[in-house]
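Here's the structure, in C-alpha cells; my notes come after.
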Amino acid sequence: MPKLQNKPTNVFLFTSLLLTVIGYFFVYSAGSYWGKVHYQDSLPFFWKQAMYGTLGMLCALAMSKMTFLTNRKFWKLAYILSILLLFSVYIPGLGIVRNGSQSWIQIAGFSLQPAEFVKISVIGFLACMLAQKSSGLKKRYIQPILVCLVPAGIILVQPDFGSAFLLIVGGFSLLFIAGFPIRFFVAIGSMGVLALAGLIISAPYRLKRIYAFLDPWEDALNSGFQGTQSLMAIGPSGLFGHGFGQSRQKFLYLPEPQNDFIFSIIVEEMGFIGAFLLIGLFCLFLYTGYRLAVLAPTKVGFYAIAGIQSMIGFQIFLNIGVVIGLFPVTGVTLPFISYGGSSLLSTWLIVGLILRFSKD
C-alpha cells in the first residue's frame, strides 16, 4: 500500500511542476509584445509569474508538513477570515477596480484577488462538515448550502461571475460526492437556472456576452472581439502550429493574450499536437489527484481532495471551452498556465493541501 500511495504523489507533483514551467514559457511568448508596448519591457509578465510560482511552490512545500490543516477549527477560522477578506476590496486605498470588477486588493505594489483563496477555504470547511455525521435538516442540508452561497453571493456583487460560478460548482460537486440525493440537485439546479437567467438579464454586459457567444461575428469588433480573435488564432494553426514565439494574434489583436486566452496562443504556436499534449497533462494531473483522494487515510482528506480536484477540473474545462467558443466569455484563468499571481499562488496552495491531506 505505501508504494501505491507514493507513486501517484510523485506523478501528481511532477505534473504540477511541468505545467507551471510550460506556463512560464507561454506567458513569456504571449505577453512579450504586450509588455514591450505597455511597459517597454518584454519580460515583466514572465518575471512576475516566476516569482509567484516560486512563492507558491514554497508555500505548498510548507503546507504539506502542517498537521493543523486537517483540523476543523482551522478551516472554520479560515472560512471566516476569507469572508472578511472579500469585504476588504471595498476599503479605500486597498481595493482596486479591474475590468469593471472591484474584486482586487493592492498592497505595496502587489495585487491579489481574494476570491481565489475563498474558494479553497470553502472546500476545506465543507469537507470537514461533511466528514462529520450530521442529523437534522439544518445541519445536513441548510448549513452546507449557506457555506457555499454566502461567499458566492458576495463575489457576485463585486461582480466576478466566473469565480462565483466556480465556487458553487466546486461546493456542490463535493455535496454530490458526499451522497446528497439527486432530488436535492434537481431542486437546487432548477433554482440556479432561474437565478442565472435573472443575473444575465439584469446586467447588460452579461447579455452582450451571450449574444456574442451565439454569433461572435455579428459584432466582431466589439462584444465578439475576443471570441473571434481567439478563433482566428486557433483556426490556421494546423497540426504543429506556427512555432514557439511565432504567434500573430499576440500583436495586439487578442487583448492581454497572456491571461484568460493564453490557450489560444498555445494552439496557434504549437498546433493540435501541442494542445493535445497539454490537455493530456491536465488529465494526468486530475487523475493522480483523484487517486490521492481515493487513497487518502481520512474521510476529511477524501472529501477535501475530491472537492478541490472537481473545482479545478471544471475550471480547466470552462477556460478551454471559452477559448474555443463552446461557452460565453467568463474571465476564468487556465490553472498553472495563465498569467496572474493570485491564480498561480492559489493553485499551488491547492497542490500543497492535496499533498497534506493525502498523508497519514
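Just so you know, residue 1 is the first one in the sequence shown, and it goes up from there. Values below: every heavy atom of this structure, side chains too, minus hydrogens, waters and symmetry copies.
Here the side chains of Met232 and Glu268 are not in contact, with every heavy-atom distance at 4.5 Å or above. Leu43 places a side-chain heavy atom less than 4.5 Å from the side chain of Phe46. By the 4.5 Å heavy-atom criterion applied to side chains, Ile308 and Ile354 are counted as neighbours. Under the 4.5 Å side-chain criterion, counting only non-hydrogen atoms from C-beta, Val267 is not in contact with Ser264. For the pair Leu278/Ile266, a side-chain contact is recorded, criterion being any heavy-atom separation below 4.5 Å from C-beta on. Taking 4.5 Å as the limit, some side-chain heavy atom of Met270 sits within range of a side-chain heavy atom of Phe26. Between Trp104 and Val89 the shortest side-chain heavy-atom distance does not fall below 4.5 Å.
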Going by atom type alone, with no hydrogens or angles, which donor-acceptor pairs under 3.5 Å involve a side-chain atom of residues 170-192 and a protein atom two or more places apart or on another chain?
from   : atom 1 : to     : atom 2 : distance (Å)
Ser173 : OG     : Val169 : O      : 2.6
Ser190 : OG     : Val186 : O      : 2.8

If you look only at distance, which donor and acceptor atoms sit under 3.5 Å apart when one is on a side chain in residues 77-87 and the other is two or more places apart or in another chain?
from  : atom 1 : to     : atom 2 : distance (Å)
Tyr79 : OH     : Val147 : O      : 2.9
Ser82 : OG     : Ala78  : O      : 3.2
Ser82 : OG     : Tyr79  : O      : 2.7
Ser82 : OG     : Ser121 : OG     : 2.8

Which side-chain N or O atoms in residues 62-69 pair as donor and acceptor under 3.5 Å with protein atoms at least two apart or in another chain?
from  : atom 1 : to    : atom 2 : distance (Å)
Ser64 : OG     : Leu61 : O      : 2.6

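The line from CD1 of Ile337 to CD1 of Ile316 is 9.0 Å long, rounded to the nearest 0.5 Å. With rounding to the nearest 0.5 Å, the separation of CG in Leu17 from CD1 in Ile22 is 11.0 Å. Rounding to the nearest 0.5 Å places OH of Tyr303 at 12.0 Å from SG of Cys128. Atom CE of Met51 is separated from atom CH2 of Trp47 by 12.0 Å, given to the nearest 0.5 angstrom. Rounded to the nearest 0.5 angstrom, Met311 CE and Lys119 NZ are separated by 5.5 Å. A distance of 8.0 Å separates SG of Cys148 from CD1 of Ile168, quoted to the nearest 0.5 Å.
Among all heavy-atom pairs drawn from Leu112 and Tyr52, the shortest one is CD2-CE2, 4.5 Å. Listed here is the closest heavy atom pair of Leu345 and Gly56: CD1-CA, 3.5 Å. Smallest separation of non-hydrogen atoms from Gln226 and Leu254: O-CD1, 3.8 Å. The two residues Leu166 and Val332 come nearest to each other via the heavy atoms CD1-CG1, 3.7 Å.
Taking Thr20 as the reference, Tyr24, Met57, Phe336, Leu344, Trp348 meet the side chain to side chain contact (heavy atoms under 4.5 Å, CB included) condition, with sequence neighbours excluded. Under the rule for a side chain to side chain contact (heavy atoms under 4.5 Å, CB included), the partners of Ser346 that lie at least two apart in sequence or sit in another chain are Glu116, Phe117, Ile120. Tyr39 is linked by a ring-ring contact (aromatic ring centres under 6.0 Å, His included) to Phe45, counting only residues two or more places apart in sequence or in another chain. Not a single side chain to side chain donor-acceptor pair (under 3.5 Å) links Thr347 to another residue, sequence neighbours left out. Take Ser32 and apply the side chain to side chain contact (heavy atoms under 4.5 Å, CB included) test, not counting sequence neighbours, and it matches Tyr28, Ser42, Lys250. Residues that satisfy the side chain to side chain contact (heavy atoms under 4.5 Å, CB included) test with Ala304, not counting sequence neighbours, are Ala127, Phe357. In this structure Gln229 satisfies the side chain to side chain donor-acceptor pair (under 3.5 Å) test together with Gln249, sequence neighbours excluded.
Pairs passing the side chain to side chain donor-acceptor pair (under 3.5 Å) check and including a residue from residues 319-342, sequence neighbours excluded, read Gln315-Thr333, Thr333-Ser343.
If you look at Phe327 and Phe317, their ring centroids are closer than 6.0 Å.
The aromatic rings of Phe25 and Phe244 sit perpendicular, their planes meeting at an angle over 60°, well past the 30° parallel limit. The aromatic rings of Phe165 and Phe161 lie parallel to each other, with less than 30° between the two planes, well short of the 60° mark.
Side chains of Tyr290 and Ser310: a donor on one and an acceptor on the other come within 3.5 Å.
Listed by chain and number, the hydrophobic cluster partners of Val97 come to none, as no ILVMFWY side chain reaches under 4.5 Å of it.
A 6.0 Å sphere centred on CZ of Phe276 holds no more than 12 heavy atoms belonging to other residues, nucleotides or ligands.
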(request) Check the pair Gln113, Asp160 against side chain to side chain donor-acceptor pair (under 3.5 Å), reporting the backbone distance first and the verdict last. (result) CA-CA 10 Å; Gln113 190 175 17; Asp160 183 356; 2.8 Å; yes
